[in-house]
**Student:** 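Pasting in a structure now, in structure tokens, and then I'll have a few things to ask.
One-based numbering, in listed order, for ligands and for the atoms of each.
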Amino acid sequence: MKQVIEVENVTWRREQKTLLQDVTWKVAKGEHWAILGLNGSGKTTLLNMINGYLWPTKGTVSVFERRFGTVDLRELRKSIGWVSSSLQEKLYAGDKTQSVVLSGKFASIGLYDKPSKEDEEYAIELMEQLRCSHLIDRTYQTCSQGEKQKLLIARALMASPKLLILDEPCNGLDFISREQLLSSIERLAQRPDAPNLVYVTHHTEEIVPIFGHCLLMRRGEVFRTGKTRDVLTESVLTDFFETGISVHWHNERAILTWTGHNVEG
Ligand SMILES: Nc1ncnc2c1ncn2[C@@H]1O[C@H](COP(=O)(O)OP(=O)(O)OP(=O)(O)O)[C@@H](O)[C@H]1O
């Protein structure tokens, strides 16, 4: 398997609105991508399409070289982890943290099947890797936002996905928790069995060096794809945001400053 995602000339229309317009995006095995775009630019719509929850009006979508329309989507989804705090925030309130992680093995909310000893050990191992094993025996609702995000990533990893989508995982995190979570994600990418990562964010400084490629979405269209260093430049971002942007690289992360005047508050 060489290609993980192949979205070709995809258009999606809903209620006379074109929400995705001729989107082409390819992710090869081993690449980790960041997706950047303003609110409403179509990022979630695109991810829904990759998970087979939406069907393109035009164009084709293949994941793991299997074209939608010819595959069992439920089977395929077992290989895709999607971590989105807004989706899962309320679901596990009273569950023990390790049960939340373990339930990822069964793609269930709550734990209904009896896990094997190996599964239990693997859940603990993942919690250790994500530096959240100290939370064992606590209930999910008592964990902080940053701790919950780590648990949800560990949960997604329980199913050994080949593709892991991290949808704004640093939302609501304080500075330290954010840096800790980014370090966990970097360590995860260095594992020999690491899944391909897709990281959705509004903040370029969260795009750590493991994200070698970047997709810019604007108004339902692909504005630019390419190597992160070629995409996160002053000239590209000034065009993209339609206002003056200066870019300063620090620890191989792009820090943006607004220098333009044509944005109204
Ligand atoms: N089912 C739908 N019917 C009509 N419009 C929709 C539907 N789903 C999304 N939209 C619209 O499509 C546009 C793109 O939405 P989408 O959620 O993909 O953006 P996004 O880039 O993920 O935004 P954000 O960064 O705010 O999460 C928005 O204008 C949204 O209101």
**Student:** Between Trp55 and Trp12, is the ring centre distance below 6.0 Å?
**Tutor:**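 That pair fails the under 6.0 Å test.
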**Student:** Which atoms of ligand 1 are found less than 4.0 Å from any heavy atom of Asn39?
**Tutor:** 23 (O), 24 (P), 25 (O), 26 (O)
**Student:** Is Glu15 in polar range of ligand 1, meaning some N or O pair under 3.5 Å apart?
**Tutor:**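 In fact, backbone or side chain, Glu15 has no N or O that close.
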**Student:** With atoms numbered from 1 as shown, which atoms in ligand 1 lie under 4.0 angstrom from a non-hydrogen atom of His202?
**Tutor:** 25 (O)
**Student:** At a 4.0 Å threshold, what atoms of ligand 1 neighbour a non-hydrogen atom of Lys17?
**Tutor:** 29 (O)
**Student:** Hey, is Val200 one of the residues with a heavy atom under 4.0 angstrom from ligand 1?
**Tutor:**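 Flag not set, Val200 not near ligand 1.
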**Student:** Which of the atoms in ligand 1, numbered in the order shown and given with their element, are less than 4.0 Å from a heavy-atom of Thr45?
**Tutor:**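 Those of ligand 1 that fall under 4.0 Å from Thr45 are 14 (C), 15 (O), 16 (P), 18 (O).
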**Student:** Can you tell whether the side chains of Arg67 and Glu6 come within less than 4.0 Å, N to carboxylate O?
**Tutor:** no
**Student:** Between ligand 1 and Trp12, is the shortest N or O to N or O distance under 3.5 Å?
**Tutor:**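 There is no such contact.
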**Student:** Pull out every atom of ligand 1 sitting under 4.0 Å from any heavy atom of Ser41, numbered as shown with elements.
**Tutor:** 19 (O), 20 (P), 21 (O)
**Student:** Please confirm whether Gly40 comes within less than 3.5 Å of ligand 1 when only nitrogen or oxygen atoms on both sides are compared.
**Tutor:** yes
**Student:** Distance to 0.1 Å, residue and atom name: give those for the protein heavy atom nearest to atom 6 (C) of ligand 1.
**Tutor:** Leu19 CD1, 3.4 Å
**Student:** Pull out every atom of ligand 1 sitting under 4.0 Å from any heavy atom of Thr44, numbered as shown with elements.
**Tutor:** 17 (O), 18 (O), 20 (P), 22 (O), 27 (O)
